[in-house]
Enquirer: 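Shown below is the structure under consideration.
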Amino acid sequence: MTSATTEINRAEASSEGPLNPGLLNKMDAYWRAANYLSVGQIYLKDNPLLERPLTLDDVKPRLLGHWGTTPGLNFLYVHWNRIIRERHLDMIYVIGPGHGGPGLVANTYLEGSYSEIYPHIEQNRDGIKRLFRQFSWPYGIPSHVAPETPGSIHEGGELGYSLVHAYGAAFDNPNLIVACVVGDGEAETGPLATSWHSNKFLNPATDGAVLPILHLNGYKIANPTVLARIPHAELEDLMRGYGYEPFTLEGHDPATMHQKAAAAFDKIFDRIAEIQKVAREGGSTDRPAWPMLIMRTPKGWTGPKEVDGKPVEGTWRAHQVPFAELREKPDHLRLLEDWMRSYKPEELFDEKGAFREELADIAPKGRLRMGMNDHANGGLLWQPLKVPSFRSFAVKVDTPGATTAESTRVLGKMLHAVMEANMDTKNFRVFGPDETASNRLQDVITRTGKTWEAETLPVDENLSRTGRVMEILSEHMCQGWLEGYLLTGRHGFFNCYEAFIHIIDSMVNQHAKWLKVTRQIPWRKPIASLNYLLSSLVWRQDHNGFSHQDPGFIDHLVNKKADVVRIYLPPDANTLLSVADHCLRSKNYINLIVAGKQPAPQWLTMDEAVAHCTTGLGVWKWASNDNGNPDVVMACCGDVPTMEALAAVMLLRTQAPDLRIRFVNVVDLMTLQPSSEHPHGLSDEEYDLVFPPKVPTIFAFHGYPWGIHRLTYRRHNHDNLHVRGYKEEGTTTTPFDMCVLNNIDRFQLALDAITRVKRLASKVDDARQWYSEEIQRHRLYVSENGEDLPEIQCWQWEPGQSS
Ligand SMILES: Cc1ncc(C[n+]2csc(CCOP(=O)(O)OP(=O)(O)O)c2C)c(N)n1
Ligand SMILES: [Mg+2]
């Protein structure tokens, strides 16, 4: 759009426009009804239609919720309804300022979807009373656009992710339009600021459309917003700079605004249709300037203009409940009654309290209603992912440790096959912040290339307008796109450097909450799990050092509801394949897989790997000599710790030849937690069979040692569990020196075993001496030569006398 057209939009001040007077009146009444129901939800528990004068008994004891953003959202909803009806659009909403929950509840009620999903919220006086009462009420519904809200894929509680979710929903959904409201405060967040760039990844021929609406109501909770206080032309330039065609809608007089909004939406939806036509029929490959709308309206529009002598409408004071203290200040009760009556409820609801038919009639019908759109209940559209047999990618393991492989490279071949198998349904994508090849998954890229709608140069490799591997240097975008993709019923896989996945800690919190809540909502159908592969791990940061060393995402996920999280640390390629197969098929979980990319020894045949992953943890007999009666359990979890623990077993053959060692590997971390705490947890009886009470366990763990203590603190013999792990010691050094710096190296583990087994007390002094000599020798060698000792570099597992 040119600035000239924008000017016309801004200048239009008459109530003339595309809406005929009848429709204009109905749309305004519809909007008033939504506003009335929104205020009612925030304030009232009785007298829902104001059929008698309002009294304090009608008012809720705790006034909770947000008014300020709500009238703007309600205004948009009624206009989207007109567009959907007229154009038969398949459209969903994403509301960034999710605190405007009352508005979305009100609108889905008015269109009938709410009562269909929750029949006790009937279309009459009692239904409205229940609708009001349940809002922000104990055991009622939350104040935000939560999973409970029909038509929502986005709660909007934590601001910043609306636009990225909207794009995730639109990928591979060519007939879908996602209308996305971005709060002007929300627009200040990092993730939202980057989300505008999603338009360089959206293919107009094969993806749907996203319509961003910047809700410029001028304020956040307590401050003006940045975008509301820069010159309008600068704001439009910013949007143009992001590659959009900005439209502006500004004002506050309802009749004028309805006409201007209808005119703007007509142009915008024409433009979307035209862009899609040119790409789909004309074959254009130009990156289009998609339309976006800047809507500049007052915060708390149509609410009280002044309270206690202070301006409220059009200010930050309208953000939450514009006034409370109804008990203390009698005029506040009148203020509320006048405010609610200003919407003329008697014109909106009939004598039984049903929304008047002629008004209800202007909403879309059936599944075109945004509250009933299947895309917003993605589990309804979910199709199983076709996962070809992972066994065909197995690494051949004749004897443990004889073969070397890069585990993630092997996984890349499997992901390539998954991509291939699902090309017809186009419901699988891989996401990564510029690291997919670095994580050695490059084979998956070769099938379709990487999504890219911006300029390409001859030097570029594997960029494609129809690529299904999505790379952008923003973990937020990868996470948000994937969430939007999964929430609308598809499948995906996110690979990331281990240290930097923390960037999305907060986003995964929100997704975990969403999954937890949806499990309790019968009409929300399960969606595909969110699968993470973390590679480029803490122990092998040969290039990058300390900044790249942080295995703490595991601890972060352990906090989440046990029903939702699964954490796997496969020790080799075959276990990784088996775990990945399981995760790709699963539903409603957050699956974390932690696996290295460096060449590493392979331990298990495919059959053994499957059996090991099925139990989640197990004794490796070929590395044990305990004959069912161990002196010590040598346990490990993670690929590097597994290798160090095995090397320690070999050292102990000479340091303590008669020591009976049981070797245990843990692949499914949550098996360690009691079964009362996690569905994968072993019962105490099962746990005691593996880790016998009274026998010391030396545990080499990939992550921070406390993680293991935390999971096992209720287990028998916890006092005798001695965990080694990452303790925040790191730098750019050799792989083995990293282990030494953190005391998880083979010498330390062997010394630990000798120290902890009481009958070896007489050997402890010698063992300590031996340990310091070995470590000294190692230190001298690495500082002199810049690499690990030859016997460390060339170390190989040698079978002993196993049990
Ligand atoms: C990431 C994040 N930080 C802070 C908050 C607290 N918060 C809730 S609403 C809000 C202001 C939002 O302003 P805006 O996006 O402009 O929404 P609106 O004006 O439409 O209410 C803030 C800061 C939050 N919900 N999420
Ligand atoms: Mg705002």
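Both counts, for ligands and for their atoms, begin at 1 and track the order of listing. For the numbers below, each heavy atom of this structure counts, side chains included, while hydrogens, waters and symmetry mates do not.
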Enquirer: Do any protein N, O or S atoms sit under 2.8 Å from the Mg ion (ligand 2), and which ones are they?
Expert: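 Listed by chain and number, the atoms are Asp184 OD1, Asn217 OD1, Tyr219 O.
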
Enquirer: Can Arg490 be said to sit on top of Tyr485's aromatic six-ring, NZ or CZ under 6.0 Å from centre and within 45° of the ring axis?
Expert: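 So Arg490 does make the cation-pi contact.
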
Enquirer: Judged by modelled atom types alone, do Thr248 and Glu250 share a side-chain donor-acceptor pair under 3.5 Å?
Expert: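 No, no side-chain donor-acceptor pair sits under 3.5 Å.
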
Enquirer: What I'd like to find out is whether the side chain of Leu192 reaches to under 4.5 Å of the side chain of Leu159, using heavy atoms alone.
Expert: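 Result no, sub-4.5 Å side-chain heavy-atom pair not found.
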
Enquirer: Going by atom types alone, do Tyr532 and Gln479 pair a side-chain donor with an acceptor below 3.5 Å?
Expert: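 Short answer, yes.
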
Enquirer: Applying side chain to side chain donor-acceptor pair (under 3.5 Å), can you list everything that pairs with Arg334, at least two apart in sequence or on another chain?
Expert: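 Partners of Arg334 by the side chain to side chain donor-acceptor pair (under 3.5 Å) criterion, ordered by chain and then number, come out as Glu337.
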
Enquirer: Does any part of the side chain of Val565, heavy atoms only, come nearer than 4.5 Å to the side chain of Val558, both counted from C-beta?
Expert: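 Val558 vs Val565: side chains apart.
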
Enquirer: Whether the Glu111 and Tyr77 side chains hold a donor-acceptor pair (N or O, under 3.5 Å, no angle test) is what I'd like checked.
Expert: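 Distance-only check passes for Glu111 and Tyr77.
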
Enquirer: Lys516 versus Lys560: any side-chain heavy-atom pair under 4.5 Å?
Expert: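 Sidechains of Lys560 and Lys516: no contact.
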
Enquirer: So which residues, sorted by chain and number, lie with a heavy atom under 4.0 Å of ligand 1?
Expert: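 The answer is Thr69, Pro97, His99, Gly157, Glu158, Leu159, Gly183, Asp184, Gly185, Glu186, Asn217, Tyr219, Lys220, Ile221, Lys299, His319, counting any residue whose heavy atom sits under 4.0 Å from ligand 1.
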
Enquirer: My understanding is that only residues two or more places apart in sequence, or in another chain, count here; which of them pass side chain to side chain donor-acceptor pair (under 3.5 Å) with Asn81?
Expert: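 Not a single residue meets the side chain to side chain donor-acceptor pair (under 3.5 Å) criterion with Asn81.
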
